[in-house]
Amino acid sequence: MPLNEKDVPKIQPGDEDWHTPVHTIESIVRSKRASALDGVCHDIPFRKQQISNIIRMIEENSEDLAKAVYADLGQTDFFVDVMDTKSVIPSAKNILRNMDEWTKMKKVPTNFPVNIAQPVFSCIEPTPRGLVLVISPWNFPFYCSVLPIIEAISAGNVCILKPSEVSVHSSKILSELLPQYVDERVVSIVNGGVPQATEVLKHRFDAIMYTGSTYVGKIVAAAAAKHLTPICLELGGKNPVFVCDDADIECASLRIAWAKYTGNTGQMCVTNDYVIVVEHLRKKFVDAVIKHILQFYGADPRKSKDYGRIVLARHVERLADLMDDPTITVLHGGKYDVEGRYFEPTVVDATAESKCMKEEIFGPILPIFTVPNVESGVKFVRDNFTSKGQHPLSLYVFCKNQKTWKYIADSIPSGGVTVNDTVKNPGNWNLPFGGVGTSGMGAYHGHHGFTFFSHMKSFLVTNNLSSSPYDPSVWVIFPPYTDAKMTMLKAIIKLPDIWFRMENFIMYVVMPVFFLVVAYKNPGLVDAVREFNINTIIMVVGSFIDWA
C-alpha cells in the first residue's frame with residue numbers, strides 16, 4: 001500500500017458537509033424503530049446475508065479502507081490486516097458458523113415443585129432486543145464500528161451507527177460503503193460531532209454499545225438510564241504491566257514495546273499504560289525496551305512505515321504537556337511534531353506524583369515505575385486506583401510463578417488479565433471483552449456480543465391440562481388450604497433439599513453397596529459385564545429382580 005500522502009484524499013475535521021443534519025435524526029430513529037417492530041431482521045438466513053455482505057464490503061474495498069486508516073492514523077498493512085479492518089472478517093465468519101446454534105431455543109431443567117404438574121418443560125430462546133445504537137471510537141475506526149453491528153445483526157436487531165467525527169476519512173468512507181452492502185432497513189448511520197451525538201441520545205433505544213472515554217461513557221450511561229436502556233460500555237483506564245522477579249526480561253520487553261508503540265502508537269484502550277518493575281530488574285528491562293524500539297523503527301521512527309501517527313495535533317499537544325513535568329526523567333525519545341502529528345516512542349522514569357501516572361496516556365509514552373517488590377506494586381495500584389473504583393480494562397503480568405500472577409490478578413480488579421503477553425486478550429473471540437468500574441460494564445465479542453444484543457426469553461410450557469381434584473398437582477396447589485394440605489405442601493417443598501443433602505450418601509454409599517450385593521448374589525454378572533455378554537446380563541438382572 002502506498003505511503004505517499006498525495007495518494008490519500010484529505011478531509012479536515014472541521015469539514016461538516018458530510019455530517020447528518022440534526023433535524024433529520026428523529027426521522028432516522030423513527031424509521032429504524034419501525035423496521036425493528038416489523039421484525040425485518042428476525043429471519044436467520046436474512047441476518048446471515050447481511051453479515052456476508054459486510055464481509056464482501058471489506059474484501060472488495062480493502063485498498064480504499066486502508067487509505068482512509070492511513071490518512072487518519074498513519075497506520076499501514078499490519079494494523080489494517082491484523083488489528084482493525086480485515087480482522088473483522090474472521091470474527092464475522094466465526095459468528096456465521098455458530099449462529100444456528102446460538103439462536104436455538106434450548107431446554108433447561110424444571111425444578112421441583114414447579115414441575116409437579118407433569119408433563120412440563122422449560123426453555124430459553126434468544127430474541128432480538130430491537131433497535132440498537134452503536135457509538136464507535138476513532139482509534140479502531142472499522143473494527144469497533146463494524147463488529148458490534150455484525151453482532152447486533154446476528155441477534156436480529158436493527159442498528160443506528162454513530163461513528164467518530166475524529167477519524168474523518170474512515171467514518172466518511174464507511175458511511176458511503178455500508179449502505180451499498182447492507183439493507184437500508186437494517187442499518188442507518190448518523191455522522192457528526194457533539195450536536196448529533198446529543199440529539200441521537202435523546203431517543204429511546206433497546207440497547208446501546210459505546211466505545212470511548214470514561215467521561216463520555218458517563219454521559220451515555222445517564223442518557224440510557226432515562227429510558228432504562230441496557231448498555232455495554234467499553235472504556236479504558238490505566239492498564240498496568242507487572243514485571244516480576246522471575247520474568248523473562250527479553251520476552252517482557254519485546255512484547256511490551258510492541259504493544260505500546262506498534263499497537264496504534266499507544267492509542268488503544270487495552271495498551272499497557274505503565275510498567276511496574278521490581279528494582280533489581282529495572283535497568284536490564286529499560287535497556288531491553290530501548291533496544292527493541294531501535295530494532296523496530298530504527299534511529300528515526302518518523303521514517304518507519306511501521307510507526308503510526310497521533311490522530312490529531314491537539315492530542316500531540318496533550319502528550320507534550322505530560323512530558324512537561326519535573327518529576328519524570330526521559331530515558332528515550334521525547335521528540336514530537338505537532339503539525340506532523342508525530343510523537344516519538346518515549347520511555348520515562350516516573351513517580352507516583354508524575355502527571356503521566358495520574359491519567360490514561362493514550363499515546364507512545366511508557367512510564368517506568370520502580371518498586372522494591374511485587375507486593376509494593378500491588379499496594380500502589382490499590383491505593384491510587386482500585387480504592388477509587390478506577391479499575392484497568394486490562395491487567396498484564398510477566399511472571400513464571402502461577403501463585404504470584406494469580407495473587408496480582410486477585411488483588412487488582414480488572415476487565416481481563418493477560419499473563420506473559422500483551423493486548424492479545426481481546427483477539428480471542430471466545431473470551432468476553434469488557435471492563436469493570438470506570439473501565440466499563442458489560443462485554444461483547446463472539447457469543448458474548450450475541451448475548452448482550454439478545455434478550456433471553458424464558459418459557460415454561462405445561463401440557464398437563466387437568467382440573468381434577470384427584471390430580472395431586474391440582475389438589476396440592478389450589479385452595480382450600482387445609483391443615484393436611486399445608487402439611488403435604490411443606491413436606492413436598494423440602495424434598496429437593498433432602499435429596500441434595502443425601503445425594504452424596506446415595507451416590508457413594510448406597511449405590512456401591514447395592515452393586516456389591518448384586519455382584520455377590522450373581523457371581524456371573526461381573527464376568528458378563530467384563531465380556532459385555534448382553535444375554536447373560538439380562539438373565540442375571542432378571543433373576544435379581546425376582547429375588548428382590
Side-chain angles (χ1 to χ4, degrees), residues 41 47 50-51 54-55 58 83-85 87-99 101-103 126-164 174 186-187 205-214 216-217 220-221 224 229-237 239 268-271 391-394 414-418 423-456:
C41 215
R47 301 183 201 178
Q50 302 311 303
I51 295 172
I54 293 175
I55 295 173
I58 297 171
M83 290 187 164
D84 187 46
T85 312
S87 67
V88 172
I89 294 176
S91 296
K93 289 182 177 179
N94 171 64
I95 290 170
L96 288 175
R97 285 192 297 269
N98 289 282
M99 267 184 63
E101 179 63 27
W102 293 350
T103 54
T127 58
R129 287 194 183 272
L131 177 58
V132 169
L133 172 64
V134 174
I135 304 177
S136 60
W138 53 261
N139 59 329
F140 285 83
F142 292 109
Y143 184 87
C144 289
S145 297
V146 175
L147 184 61
I149 291 293
I150 289 172
E151 292 180 352
I153 291 173
S154 74
N157 298 286
V158 171
C159 310
I160 291 178
L161 170 65
K162 165 60 182 72
S164 173
L174 184 60
V186 176
V187 178
F205 292 90
D206 300 302
I208 297 176
M209 169 77 207
Y210 169 76
T211 304
S213 70
T214 300
V216 178
V220 174
T229 299
I231 53 175
C232 181
L233 300 178
E234 196 276 280
L235 308 176
N239 306 316
M268 287 198 298
C269 56
V270 293
T271 197
H391 308 313
L393 181 59
S394 295
S414 63
V417 179
T418 302
V423 305
K424 293 179 183 175
N425 188 305
N428 183 352
W429 56 61
N430 297 301
L431 293 174
F433 178 54
V436 60
T438 54
S439 62
M441 63 177 70
Y444 74 122
H445 283 190
H447 186 249
H448 306 284
F450 173 85
T451 301
F452 170 72
F453 288 115
S454 299
H455 167 63
M456 297 299 168

Under the side chain to side chain contact (heavy atoms under 4.5 Å, CB included) rule, collect the residues that match up with L233, sequence neighbours excluded.
Y210, V220, A221, I231, L235, M441
Sequence neighbours left out, what pairs pass salt bridge (charged side-chain N to carboxylate O under 4.0 Å, His left out) with at least one residue falling in residues 134-163?
K162-E165
Do any N or O atoms from the side chain of N157 and from the backbone of L131 form a donor-acceptor pair under 3.5 angstrom?
no
Please round to the nearest 0.5 Å and tell me the distance separating atom CE of M209 and atom SG of C232.
4.0 Å
State, with a plain yes or no, whether a side-chain heavy atom of V423 is found less than 4.5 Å away from one of S394.
no
Considering all heavy atoms, the nearest C269-E234 contact:
SG-OE2, 3.2 Å
Working to the nearest 0.5 angstrom, can you tell me the gap between T211 OG1 and F140 CZ?
11.0 Å
Salt bridge (charged side-chain N to carboxylate O under 4.0 Å, His left out): pairs with one or both residues in residues 424-442, sequence neighbours excluded:
D421-K424
Per-pair distances, 0.1 Å, donor-acceptor, side chain in residues 429-436, under 3.5 Å, sequence neighbours excluded:
from : atom 1 : to   : atom 2 : distance (Å)
W429 : NE1    : N94  : OD1    : 3.2
N430 : ND2    : N428 : OD1    : 3.2

Applying side chain to side chain donor-acceptor pair (under 3.5 Å), which residue pairs with at least one partner in residues 128-141 are found, sequence neighbours left out?
S136-S145
For D206, the side-chain hydrogen bond (donor to acceptor under 3.5 Å, both in side chains) test, sequence neighbours excluded, returns R33, R204
Salt bridge (charged side-chain N to carboxylate O under 4.0 Å, His left out) partners of K93, counting only residues at least two apart:
none
Counting distance only, does the side-chain N/O of N98 pair as donor-acceptor with the main-chain N or O of H447 below 3.5 Å?
no
Look up atom CD1 in I160 and atom CD1 in I149, then write down how far apart they are to the nearest 0.5 Å.
9.5 Å
Sequence-distant partners of S454, side-chain hydrogen bond (donor to acceptor under 3.5 Å, both in side chains), two or more places apart:
none
Might you point out which heavy atoms bring G236 and T214 nearest each other, and give the distance in Å?
N-OG1, 4.5 Å
For T103, enumerate each residue passing the side chain to side chain contact (heavy atoms under 4.5 Å, CB included) test, keeping only those at least two apart in sequence or located in another chain.
I44, R47, F450
Do T229 and L133 come close enough that some side-chain heavy atom pair is under 4.5 Å?
no
Can you name the side-chain hydrogen bond (donor to acceptor under 3.5 Å, both in side chains) partners of S414, sequence neighbours left out?
none
Is there a side chain to side chain contact (heavy atoms under 4.5 Å, CB included) between V216 and I135? Walk through the geometry before answering.
CA-CA 11 Å; V216 178; I135 304 177; over 6 Å; no
Any side-chain heavy-atom pair from Q50 and V187 closer than 4.5 angstrom?
no
OG of S91 to OH of Y143: how many Å apart, nearest 0.5 Å?
4.5 Å
If you measure from CG on L161 to CG on L174, what distance do you get to the nearest 0.5 Å?
6.0 Å
Would you say that I54 contacts I153 through its side chain, given a criterion of any heavy-atom pair below 4.5 Å between the two side chains?
yes
Partner set under side chain to side chain contact (heavy atoms under 4.5 Å, CB included) for T85, not counting sequence neighbours:
I58, L65, V69, V80, F142
Minimal heavy-atom distance between P148 and Y444, with the atoms involved, is CG-CE1, 3.9 Å
Separation of I95 CD1 from I150 CD1 (nearest 0.5 Å):
6.0 Å
Counting only N and O atoms by type, is there a donor-acceptor contact under 3.5 Å from the side chain of N239 to the main-chain atoms of L393?
yes
